[in-house]
K.L.:
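Quick one: this structure, given as structure tokens, is what I'll be asking you about.
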There are 2 protein chains.
Amino acid sequence: MATRTEPVPEPRIPLSRERVLRAAVKIADEGGIEALTMRHLAEELGVEAMSLYYHVANKEAILDGVVDAIVEEIEETAGGFDVPTEVDNWKSAVRERILLARQVMLSHPWAPGVIETRTNQSLAAVRHFEGLVGLLREGGFTYDLAHHALHALGSRALGFSQELFEPDDPDQADAEAAAMFEQMADQFPYIVAMLGEIAHDDPDSTLGWCDDQVEFEFGLDLILNGLEEHLETT
Amino acid sequence: MATRTEPVPEPRIPLSRERVLRAAVKIADEGGIEALTMRHLAEELGVEAMSLYYHVANKEAILDGVVDAIVEEIEETAGGFDVPTEVDNWKSAVRERILLARQVMLSHPWAPGVIETRTNQSLAAVRHFEGLVGLLREGGFTYDLAHHALHALGSRALGFSQELFEPDDPDQADAEAAAMFEQMADQFPYIVAMLGEIAHDDPDSTLGWCDDQVEFEFGLDLILNGLEEHLETT
DNA sequence: ACCTGAACACCGTTCAAGT
DNA sequence: ACCTGAACACCGTTCAAGT
């Protein structure tokens, strides 16, 4: 029979909103967003699913909190979202901040999908946008142009962009897509020719799928340069 | 007792993939994407849920098919995705095609969210991209630049863009957001000032939320103009 | 104050069975 | 060939109850 002197095996840290959210991020990182269920999350925390509801309103609230946590990670990585009072180069400042956000997003590949479903704004995200608007404003933007800029950037402001053409499992689906396009060269001459050239330029990857980082920066710079022109012509 | 001569009340059109997909679009249009469940869909078709599996592999296949149907609707509205052999103005041609896609998307507000989750390419979408690449190519683009263009456009190529800041229920959430920002004017001076100016410029809507169409076109033109410059400097 | 057991309403999906 | 009933494994969530 166990006596009183048995060493407490686990100090039994009490649950908290923080711990729940941290565990949620961990689960999504390890098993993807579909692994993030109330029951699974509870198991990870060594608790019953229903206990979660004491610390969090419902699953929506968890997803809200998880997005907030990710943007806070960006904020920490950036050393805060503060706006310098003198902005000598808004373009590189904005560019750097966004590419840094992208680095964090890349370490949580499920996060963009969750962010897109959120209707409640994360407070950390508002701080992030506040910082961006500040950089633009101090860089000479009117508020009107800064507003257009946010819309033009869209999800790029948070470091990701919608990839419409690429499958999530490159190795497997690439071959499929390649075979399909080969077969349909007469139906899709332009696309097949385009992909052919890309494969040529980049013989490394099996059939030369795209360099997402390069493409992200291309699109970002296109927008930033366009904004710069608006700034100068006004 | 019913006799054999009773008029058949409904001819009982047999199910088919087409009918299933059409019904799926209808349900999503009327009740949002969360209303699109196998059981609900079956009910709409006057059938048991399990019958659907005879015509369609699973729910994923339905979502794939539904995306295809929406892009086909774009195709029909556009009178096909054909590429004219002579393109005198690629910019306005691409612009028109994209804005037309947007019109269709606006009538299926749930569609962007579904498209974003798809990993399998819709064949109709491939035809659409084929058309876009064709327009660019005949307009003087290298395949390399056309490829960059697709990435830069991202979801805009299909007529929608990620709205990170706006709630789906404008009437209700606007007031909330407004109150929140008022309260936090000292924490978010730039954003509050920005929103203040926008409200000023557009006194119609309660607190002047954004004109999505204007913003979409602003971002689209920014990208198209940027591409044009790349085209000229090469 | 914090956690749980049992239960509910709802998913997508299977499988053997009906016509 | 086409459809169904019963069942399964899994959701998020409630509520009264335990400590």
Side-chain angles (χ1 to χ4, degrees), chain A residues 2 4 6 8-28 30-67 110 113-114 117-120 168, chain B residues 2 4 6 8-28 30-67 110 113-114 117-120 168:
Chain A
R4 309 218 128 118
E6 65 184 352
V8 274
E10 298 200 10
R12 181 77 156 148
I13 315 160
L15 233 49
S16 68
R17 202 185 117 88
E18 315 282 286
R19 280 192 68 214
V20 170
L21 295 182
R22 231 191 306 275
V25 169
K26 188 181 172 213
I27 287 178
E30 290 172 357
I33 194 63
E34 68 276 13
L36 181 52
T37 70
M38 299 302 274
R39 283 168 172 84
H40 192 158
L41 178 53
E43 194 183 10
E44 169 83 23
L45 289 161
V47 104
E48 296 300 317
M50 305 75 205
S51 309
L52 301 174
Y53 288 87
Y54 192 85
H55 300 91
V56 115
N58 49 32
K59 190 173 180 182
E60 280 294 289
I62 291 180
L63 293 177
D64 285 345
V66 145
V67 166
W110 48 270
V114 177
T117 67
R118 299 299 81 199
T119 158
N120 299 328
D168 44 11
Chain B
R4 311 218 126 115
E6 63 183 353
V8 274
E10 299 199 9
R12 182 79 156 145
I13 314 160
L15 234 48
S16 70
R17 203 185 116 88
E18 314 281 287
R19 279 192 69 214
V20 170
L21 295 182
R22 231 192 306 275
V25 170
K26 188 182 172 212
I27 287 178
E30 291 172 356
I33 195 64
E34 69 276 11
L36 181 53
T37 71
M38 299 302 274
R39 284 168 170 87
H40 192 158
L41 178 53
E43 195 184 9
E44 169 83 22
L45 289 161
V47 104
E48 296 299 315
M50 304 77 205
S51 309
L52 301 173
Y53 288 86
Y54 191 85
H55 299 93
V56 113
N58 49 31
K59 189 171 180 182
E60 280 295 288
I62 292 181
L63 293 177
D64 284 345
V66 143
V67 166
W110 47 270
V114 177
T117 66
R118 298 301 81 198
T119 159
N120 299 328
D168 46 10

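By convention in this document, chain letters (A, B, ...) are assigned in the order of the sequence lines, proteins followed by strands, and residues within each chain are numbered from 1.
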K.L.:
Any side-chain heavy atom of L45(A) within less than 4.5 Å of one from L52(A)?
P.N.:
yes

K.L.:
Taking CE from M38(A) and C1' from dT14(D), how many angstroms apart are they, rounded to a whole number?
P.N.:
13 Å

K.L.:
Between dA7(C), dC3(D), dA7(D), which one does the side chain of V47(B) approach most closely?
P.N.:
dC3(D)

K.L.:
What protein N or O atoms touch nucleotides 17-19 of chain C N or O atoms at under 3.5 angstrom, if any, and at what distances?
P.N.:
none

K.L.:
I need the CD-C1' distance between E43(B) and dC3(D), as an integer number of Å.
P.N.:
17 Å

K.L.:
Just the rounded figure in Å: distance from C1' of dC11(C) to CD of E60(B).
P.N.:
14 Å

K.L.:
I want to verify a distance call: between dG5(D), dC3(D), dT13(D), whose nearest atom is closest to the N58(A) side chain?
P.N.:
dT13(D)

K.L.:
Within a strict 4.5 Å, meaning less than it, do heavy atoms of the E34(B) and W110(B) side chains meet?
P.N.:
no

K.L.:
Round to a whole Å and report the spacing from CG of L52(B) to P of dC11(C).
P.N.:
13 Å

K.L.:
If you check the K59(B) side chain, which of dT13(D), dT4(D), dG12(C) turns out closest?
P.N.:
dG12(C)

K.L.:
Can you work out whether E34(B) or E48(A) has the more 5'-proximal nearest nucleotide on DNA chain C?
P.N.:
E48(A)

K.L.:
In whole angstroms, how far is the P atom of dA1(C) from the CZ atom of R17(A)?
P.N.:
20 Å

K.L.:
Between dC11(D) atom P and H40(A) atom NE2, what is the distance in whole Å?
P.N.:
9 Å

K.L.:
Would you please confirm or rule out a distance under 4.0 Å between OP1 or OP2 of dC3(C) and any side-chain N or O of H55(A)?
P.N.:
yes

K.L.:
Can you list the stems that include DNA chain D, where a stem is three or more consecutive Watson-Crick or G-U pairs with distances under 3.5 Å?
P.N.:
C:4-8 with D:12-16, C:12-16 with D:4-8

K.L.:
With salt bridge (Lys or Arg N to Asp or Glu O under 4.0 Å) as the test, would you mind laying out the steps for R39(A) and E48(A) before giving the verdict?
P.N.:
CA-CA 7 Å; R39(A) 283 168 172 84; E48(A) 296 300 317; over 6 Å; no

K.L.:
Has Y54(B) got a side-chain N or O lying under 4.0 Å from the OP1 or OP2 atom of dC3(D)?
P.N.:
no

K.L.:
Could you tell me the separation between the CG atom of L41(A) and the P atom of dG12(D), rounded to a whole number of Å?
P.N.:
9 Å

K.L.:
Roughly, in whole Å, what's the span from CE in M50(A) to P in dA1(C)?
P.N.:
22 Å

K.L.:
How is T37(A) classified with respect to the nucleic acid when contacts are heavy atoms under 4.0 Å: base, sugar-phosphate, or nothing?
P.N.:
sugar-phosphate

K.L.:
Does S51(B) put a side-chain nitrogen or oxygen below 4.0 Å from OP1 or OP2 of dT4(D)?
P.N.:
yes

